[in-house]
Amino acid sequence: MLDPNLLKENIDLLELSLTKRNLKIDISKLEELNEERKSIRFEAEQKRAEQKEIGKLIASASVDEKAKMLEKAASLSEEVKSLFDKVEEKDRRFFDEWIKLPNLISDSSPVGKTDEDNLEIKKVGNIKKIDNPKDHLQIAEKLGLIDVQKAADVSGSRFSYLFGDLVKIEFSLVSWALNKLSDKGFIPTVPPVLVREKALYGTGFFPDDAEQVYQIPNDDLYLVGTSEVPLAALKSDEILSLENLPIRYAGFSTCFRREAGTYGKDTSGIFRVHQFDKVEMFSFCDPEKSIEEHEFILSVEEEILQELEIPYRVVDVCSGDLGASASKKYDIEAWIPSQNTYREVTSCSNTTDYQARRLNIRSKKDGNTQIIHTLNGTAIAVGRILIALIENNQQEDGTVKFSESLSNILGIEKLS
RNA sequence: GGAGGGAUGGCCGAGCGGACGAAGGCGUUAGUCUUGAAAACUAAUGUAUGUAUUCCAUACCGUGGGUUCGAAUCCCACUCCCUCCGCCA
C-alpha cells in the first residue's frame, strides 16, 4: 500500500508513476474520498470528545441533575455512533480503492509497456555450441528422470514426477545454496506454506493476483506461491531496531501456483508447473539502504548462476511489466538452448515500503518510527535451474555431463 | 476430537463499570555521585490518526460484535497460547 499522504504531499509523483505503468486511474476521485473520510472523522471525534466530557460529569452529578444529563448523553451517544458508522464506511470506500494502487516506480526503472521493453543490462557466460539441441523433457524422459504423463493422470496438467539423480541434484543444490546464503548472513528458514488471507494481503498478492493462489476453503488457508509471503509476514506489526538491519532470511519451500491464464504457454516439461521448490532470499532493510541491498541480492543471484556455469543475462524490468508491489525489479534469464533464447530463472524486487506498510513493519529513527523497506529475490528456483543445467550440459548421445567443479556442487557427474 | 485455564505497554504483572493509556517491578535512556565503572538516588520512557505540531483531541488492554450515558473491566463469537485425556508423523 502507498502512503495516503502522497495525496497531500506529492500527487505529481503518484500520477507519473501510474502513467509509467500505463494505468489510468482517477486520482481526483481518490482525493475526494480521502477528504470526505478525514472530515467526517474529525466531526465524529469532536462529538465523541463532547460525549466523554458529559459522561465524566455524570459520575459526580447530583441526583436531580443526573436525569437531565443522562438524557443529553443518550442522544449524543446515538449521534456519535452514527457518525462513526459513517467514518467506517468512508474509510472503507477510500482504502478499497487505495490498496489497489501499485507501488511507486523507481526513477531508475526503464519505462515501457511489455516484457519486450525490458532493458538488458548484461550478458554473462559462454554459450556452448550445441547442434540440434534437445529440450530438457526429451532428455530427462529418455533417461527416466522426469514423468509428466503419469503426473497428469494423477494430478492433472503441469505436474511432474522427478526421479533418481535429478532428485539428488535438487537436494544438493538446495543444500549448497543454503550454505552459501548462510555465509552471507541469511538465516536459513523453512516457513509455513499454508497462510491466512492476511499474509497475502500484506505482501500485495491479494487482491490483485488472487486468481493465482490455491485455496483451502475448509480451513480458510491459502497455499503460498513463494516463501516471500510467510517470510515477509514474519516481522509483521514489529518495530525493528535500525542497527539490526538488514535482517536477511533464506527460505526454502515448495511453491504452488495456479498459473491461471497461461494455458498453452510453456506446456512442455517442468518450466511452468503448479508445484516447485525454491530457495528465496528476503531482506528487511533500512529505507536508506534498500538500493544497495537490491544490488547485493542481484549479485548473489549472479554468483549462483556463474558457479552453476549457466549462461545468463540480467534484465531491468520495465515499468509496464512490473508487479504491483515492486518499485524496481531485475530478472535473470538463463540461456535455454532448445528455445535458442534466454528465459527467466530468478527475479529480485525492491518493494520499498509497499509491503512493509501493509504489514506494519517499522523501525525507529531519531525517536520517530518509519516504515522499513523489504526486498526479495530468487536464489534457486529448482525446476528451472534443473532445466538450464540439463540443456546446457547435454551431450550428443542424449546424456548430460557436468564439469568437475559443477559435479562437486551437484554431487553427480553424469546423467545417463 | 473431549475437559479446563488464560491473552494487559520492550518484558513481568496489577486492575475486573467512571479519577485508567493503564499501579508496581524489570529493562532502556539521561542526570547526580565517582578518576572511571558498579551500586544508590532523581527523572524520562507505547503506537497511530487529526482542521494539533514541544500544548490539545481521538483510537488502541488478542480480534470482531453487543450491553451501557460511560467498557481493559459485563455479554456473545472468533483467533491464539497453556494443562490434562484421546489420536497421530
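First the proteins, then the strands, lettered A, B, ... as listed; each starts at 1. Everything numeric here is computed off the predicted structure, so don't read it as measured data.
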With a cut-off of less than 4.0 Å, is there a side-chain N or O of A:K38 near OP1 or OP2 of B:G50? yes

Using atom C1' in both nucleotides, what's the gap between B:C20 and B:C60 to the nearest angstrom? 13 Å

Ring-face cation of A:R384 near A:F271 (centre distance under 6.0 Å, axis angle within 45°): yes

Does the side chain of A:R196 get closer than 4.0 angstrom to OP1 or OP2 of B:C78 through an N or O atom? no

Taking for each residue the nucleotide of RNA chain B with the nearest heavy atom, is it A:K81 or A:E50 whose nucleotide lies nearer the 5' end? A:E50

Taking 4.0 angstrom as the limit, do A:R357 and A:D353 come out as a salt bridge? yes

Is A:K364 near enough to B:U47 that one of its side-chain N or O atoms lies under 4.0 angstrom from OP1 or OP2? yes

Assign each of A:K8 and A:E53 the nucleotide of RNA chain B bearing its closest heavy atom; nearer the 5' end lies the nucleotide of A:K8

Separation of the P atoms in B:U29 and B:G46, to the nearest angstrom: 16 Å

Quote, to the nearest angstrom, the P distance that separates B:C41 from B:U53. 40 Å

Report the distance from atom NZ of A:K56 to atom C1' of B:G21, rounded to the nearest whole Å. 12 Å

Rounded distance in Å - CD (A:E197) to C1' (B:C78): 15 Å

Side chain of A:I58 - closest among B:G18, B:A48, B:G50: B:G18

Roughly how far apart, to the nearest Å, are B:U8 and B:C12 at atom C1'? 11 Å

Respond yes when some side-chain nitrogen or oxygen of A:R41 is under 4.0 Å from OP1 or OP2 of B:U51, and no when none is. no

Between P on B:U68 and CG on A:L76, what's the gap in Å once rounded to a whole number? 16 Å

Of all the choices, B:A57, B:G50, B:C69, which nucleotide is nearest to the side chain of A:A49 once you look at every atom? B:A57

Given atom CD of A:E9 and atom P of B:U49, what is their separation to the nearest angstrom? 11 Å

Can you tell me if A:Q275 and A:T254 form a side-chain donor-acceptor pair at under 3.5 Å? no

Tell me: CZ of A:R37 to C1' of B:A59, nearest whole Å? 14 Å

P spacing across the pair B:G65 / B:G6, given as an integer number of angstrom: 25 Å

What is the separation between atom NZ on A:K198 and atom P on B:C78, rounded to the nearest whole Å? 19 Å

What is the base-pairing partner of B:U53, counting Watson-Crick and G-U wobble geometry with both distances under 3.5 Å? none

According to the Watson-Crick and G-U wobble definitions, with both distances under 3.5 Å, which nucleotide is paired to B:C88? none

Under a 3.5 Å cutoff, is there a donor and acceptor pairing between the side chains of A:Y214 and A:H274? yes

If you measure from the P atom in B:G50 to the same atom in B:G18, how many Å do you get, rounded? 32 Å

Nearest-Å distance once atom P is located in both B:G15 and B:U83: 24 Å

When you compare the side chains of A:N103 and A:T352, does any donor N or O come within less than 3.5 Å of an acceptor on the partner? yes

Just the rounded figure in Å: distance from P of B:G70 to CG of A:L70. 10 Å

Span that lies between the C1' atom of B:C80 and that of B:C87, in whole angstrom: 22 Å

Where the side chain of A:N5 is defined as all heavy atoms beyond and including C-beta, which of B:A48, B:A59, B:G50 is the nearest nucleotide? B:G50

For the residue pair A:D85 / A:S82, report whether a side-chain donor-acceptor contact shorter than 3.5 Å exists. no

Paired with B:U58: which nucleotide, if any, by Watson-Crick or G-U wobble criteria at under 3.5 Å for both distances? B:A48

A:T374 and A:Q355: side-chain donor and acceptor closer than 3.5 Å? yes

Just call it for A:S39: base, sugar-phosphate, or nothing, with non-hydrogen atoms closer than 4.0 Å on any strand. base

Any side-chain N or O of A:K52 less than 4.0 Å from the OP1 or OP2 oxygen of B:A59? yes

B:A7: pairing nucleotide in any strand, Watson-Crick or G-U under 3.5 angstrom: B:U79

Any side-chain N or O of A:S77 below 4.0 angstrom from OP1/OP2 of B:G70? yes

With a 4.0 Å cutoff (strictly under), does any side-chain N or O of A:Q46 reach OP1 or OP2 of B:U58? no

Any idea which of B:A57, B:C69, B:A48 is nearest the A:R362 side chain? B:A48

Does B:C16 have a Watson-Crick or wobble partner in any strand here, with both distances under 3.5 angstrom, and which is it? none

Paired to B:U34 by Watson-Crick or G-U wobble criteria (both distances under 3.5 Å) is none

In whole angstroms, how far is the P atom of B:G70 from the CD atom of A:E71? 15 Å

Report the nucleotide, chosen from B:U51, B:A48, B:A57, that has the shortest atom-to-atom distance to any side-chain atom of A:T369. B:A48

Below 4.0 angstrom, N of the basic side chain to O of the carboxylate: do A:K29 and A:E97 qualify? no

Can you tell me the pairing partner of B:G21 across any strand shown, Watson-Crick or G-U wobble, with both distances under 3.5 angstrom? none

